[in-house]
Engineer: 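Let me begin by handing over the structure; questions about it come next.
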Amino acid sequence: MPATTSHFTDLTKPTTTNAIQCVAPARVNLLGEHTDYTGGLVLPMAIPFVTEATITPRADDLYGFSSDLFPETLTLTRDDRSPARHAWTDYPVGVLRQLQAAEIHPPAFDLHLSGNVPFGAGVSSSASVEVASAIAMLALSGVSLTIEEIALLCRRAENVYVNSPCGIMDQFVITAAQAGHALLLDTRSLKYEHLPMNKGALADTQIVVCNSMVKHSVATGEYGIRRRESEQGQAILVEKFNIRDLGEATLDQLESARALMSDASFRRCRHIISDNARVREARTAMFNGDPSAFGKLMLAGHASERDDFECSCDEIDFLVETATTLPGCFGARLTGGGFGGCTVNLVERAQVEAFSTALRSAYNKQFNITAETYTCDAVDGAMLRNASLLQGSK
């Protein structure tokens, strides 16, 4: 894939006041967790939940933001550069700020968001909002960007404006996904490959996402701590072995440098390096259409998140352990940032309904919490879904 360069293609600008509607899916990550901010590999897929962005030209010189999901609305002048407000509007406004920084200035608009992406469940509602908003603003502006440019712009919106230290995975897969496939992404180079979820015995499986309905209060702060610990260990390996990041590191290198870093940094890095290896092994399993091999990698990934990255919790561990006892389940793991949120389960298609019912029942009996389960096949990302609006995109 060629290196990303900025290039804008003029499209036919809307000539009527009719609204432009754009959609972006949610995502779930199958393998490769907490690897995307250290140059590693991830294996997410887009799932059927969507954010819908409806953008309508305004006759004045203002930008308006509203949503079906939140009562707060916001109106800004075209030259407004105010900081984040710690509200839902920060995500689309952050996208606008990054477009403006790239010298793309949308005409006055009203942007209205709706959809059915579960919030706080670890399926990346924020990135779905960002990508839908970006494509809507680009379509209104008559400007096209590449997949890489859209994903990077949306990540900058979250890193710089929202001040959330996320990696590139969420925005990228939500933009670039292809139905029937997961997306193997090298987060350093942004090279990617669509891997089949519909080959061999894998074609007879579905992904079941189970929302634990809990999000522990430590999540935000602990996520930042884990990232710093990972990056501290990475810095030691980079200096010692002249590598670029953990994406190039080996477990042997990590072991030889163990005395130079804290135990926490060592274990965080061990998770990341081993999860990169699991993603590589998963590629082989997917082309072989082998759900058993893939499921074993998922379970190993969860153990690594639980023990080395320490981002699981009792509720999530129970869901994973219970899933492995149910008929038709090949593998399960925590997905997303951790400390609650969702598990992702690879389940024989014929067993999905019984599996979901049994998992919810066991969880309710243990914790008196009603979990939600979502049965998912891999769907197209925002670039394919909105292709007619972005004819010049690549």
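Bear in mind the structure is a predicted one, so any value in this text is a computation, not a measurement.
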Engineer: Taking the side chain as everything from C-beta on, heavy atoms only, tell me whether Thr56 gets closer than 4.5 Å to Phe109.
Structural biologist: no
Engineer: Please check: side-chain N/O of Ser128 versus main-chain N/O of Pro25, any donor-acceptor pairing under 3.5 Å?
Structural biologist: yes
Engineer: Is a side-chain N or O of His112 found less than 3.5 angstrom from the main chain of Thr54, in a donor-acceptor match?
Structural biologist: no
Engineer: Would you say Asn159's side chain and Ser164's backbone share a donor-acceptor pair under 3.5 angstrom?
Structural biologist: yes
Engineer: Find out whether Leu297 and Glu281 are in side-chain contact, i.e. whether some heavy atom of one side chain is under 4.5 Å from a heavy atom of the other.
Structural biologist: yes
Engineer: Test salt bridge (charged side-chain N to carboxylate O under 4.0 Å, His left out) on Asp36 and Arg155; report intermediate values, then the result.
Structural biologist: CA-CA 12 Å; Asp36 64 335; Arg155 184 187 66 173; over 6 Å; no
Engineer: Apply salt bridge (charged side-chain N to carboxylate O under 4.0 Å, His left out) to residues Glu255 and Arg258 and explain how you reach the verdict.
Structural biologist: CA-CA 5 Å; Glu255 187 63 42; Arg258 185 170 190 165; 3.7 Å; yes
Engineer: The test is side chain to side chain contact (heavy atoms under 4.5 Å, CB included); show your working for Val208 and Phe355 and say whether it passes.
Structural biologist: CA-CA 9 Å; Val208 176; Phe355 169 88; 4.0 Å; yes
Engineer: How long is the gap from CZ on Arg85 to CG on Leu74, to the nearest 0.5 Å?
Structural biologist: 4.5 Å
Engineer: Donor-acceptor check, side chain of Asn386 to backbone of Val23, threshold 3.5 angstrom: yes or no?
Structural biologist: yes
Engineer: Does the pair Ser262 and Glu229 meet the rule for a side chain to side chain contact (heavy atoms under 4.5 Å, CB included), with working shown?
Structural biologist: CA-CA 8 Å; Ser262 69; Glu229 290 167 341; 5.6 Å; no
Engineer: Donor-acceptor check, side chain of Asp275 to backbone of Thr35, threshold 3.5 angstrom: yes or no?
Structural biologist: no
Engineer: Indicate yes or no: at least one non-hydrogen side-chain atom of Ile207 is less than 4.5 angstrom from one of Leu346.
Structural biologist: yes
Engineer: Less than 4.0 angstrom from a charged side-chain N to a carboxylate O is my criterion; do Asp80 and Arg97 meet it?
Structural biologist: yes
Engineer: Should the heavy atoms of other residues, nucleotides or ligands under 6.0 Å from CD of Glu193 be counted, would the total exceed 12?
Structural biologist: yes
Engineer: What ring-ring contact (aromatic ring centres under 6.0 Å, His included) pairs are there with at least one residue in residues 224-277, not counting sequence neighbours?
Structural biologist: His271-Phe309
Engineer: Can you measure from CE (Met261) to CD (Gln232) and round to the nearest 0.5 angstrom?
Structural biologist: 10.0 Å
Engineer: State, with a plain yes or no, whether a side-chain heavy atom of Ser66 is found less than 4.5 Å away from one of Leu111.
Structural biologist: no
Engineer: Table please: side-chain donor-acceptor pairs of residues 173-187 below 3.5 Å, with sequence neighbours left out.
Structural biologist:
{"from": "Thr175", "atom 1": "OG1", "to": "Gln171", "atom 2": "O", "distance (Å)": "2.7"}
{"from": "His181", "atom 1": "ND1", "to": "Ala179", "atom 2": "O", "distance (Å)": "2.9"}
{"from": "Asp186", "atom 1": "OD1", "to": "Arg188", "atom 2": "N", "distance (Å)": "2.9"}
{"from": "Asp186", "atom 1": "OD1", "to": "Ser189", "atom 2": "N", "distance (Å)": "3.2"}
{"from": "Thr187", "atom 1": "OG1", "to": "Gly40", "atom 2": "N", "distance (Å)": "3.0"}
{"from": "Thr187", "atom 1": "OG1", "to": "Gly40", "atom 2": "O", "distance (Å)": "2.7"}

Engineer: Any side-chain heavy atom of Val160 sitting closer than 4.5 Å to one from Gln98?
Structural biologist: yes
Engineer: Would you say Arg360 and Thr370 make side-chain contact, with heavy atoms under 4.5 Å?
Structural biologist: no
Engineer: Counting distance only, does the side-chain N/O of Thr335 pair as donor-acceptor with the main-chain N or O of Val344 below 3.5 Å?
Structural biologist: no
Engineer: Looking at Asn242, I'd like to know if its CG atom is crowded, meaning that more than 12 non-hydrogen atoms belonging to other residues, nucleotides or ligands lie closer than 6.0 Å.
Structural biologist: no
Engineer: Has Arg385 got a side-chain atom pairing as donor or acceptor with Asp380's backbone, closer than 3.5 angstrom?
Structural biologist: yes
Engineer: May I ask you to test the Leu319-Leu359 pair for a side-chain heavy-atom distance under 4.5 Å?
Structural biologist: yes
Engineer: Apply the test ring pair (Phe, Tyr, Trp, His ring centres under 6.0 Å) to residues Phe294 and Phe330: give CA-CA distance (whole Å), side-chain angles for both, the deciding distance (0.1 Å), then the verdict.
Structural biologist: CA-CA 8 Å; Phe294 194 95; Phe330 293 100; 10.0 Å; no
Engineer: Classify the angle between the aromatic ring planes of Tyr63 and Phe65 as parallel (below 30°), tilted (30 to 60°) or perpendicular (above 60°).
Structural biologist: tilted
Engineer: Got more than 12 heavy atoms from elsewhere within 6.0 Å of CD, Glu72?
Structural biologist: yes
Engineer: Counting distance only, does the side-chain N/O of Glu248 pair as donor-acceptor with the main-chain N or O of Asp245 below 3.5 Å?
Structural biologist: no
Engineer: Closer than 3.5 angstrom, by distance alone: can the side chain of Ser304 be matched with the main-chain N or O of Ala300 as a donor-acceptor pair?
Structural biologist: no
Engineer: Going by an N to O cut-off under 4.0 Å, is there a salt bridge joining Glu310 and Arg268?
Structural biologist: yes
Engineer: Can you tell me how the ring of Phe172 sits relative to the ring of Tyr192, calling it parallel under 30°, perpendicular over 60° and tilted otherwise?
Structural biologist: perpendicular
Engineer: Test your reading of the model: is there a side-chain donor-acceptor pair from Tyr161 to the backbone of Asp90, 3.5 Å cut-off?
Structural biologist: no
Engineer: Are side-chain heavy atoms of Met197 and Leu30 found at a separation under 4.5 Å?
Structural biologist: yes
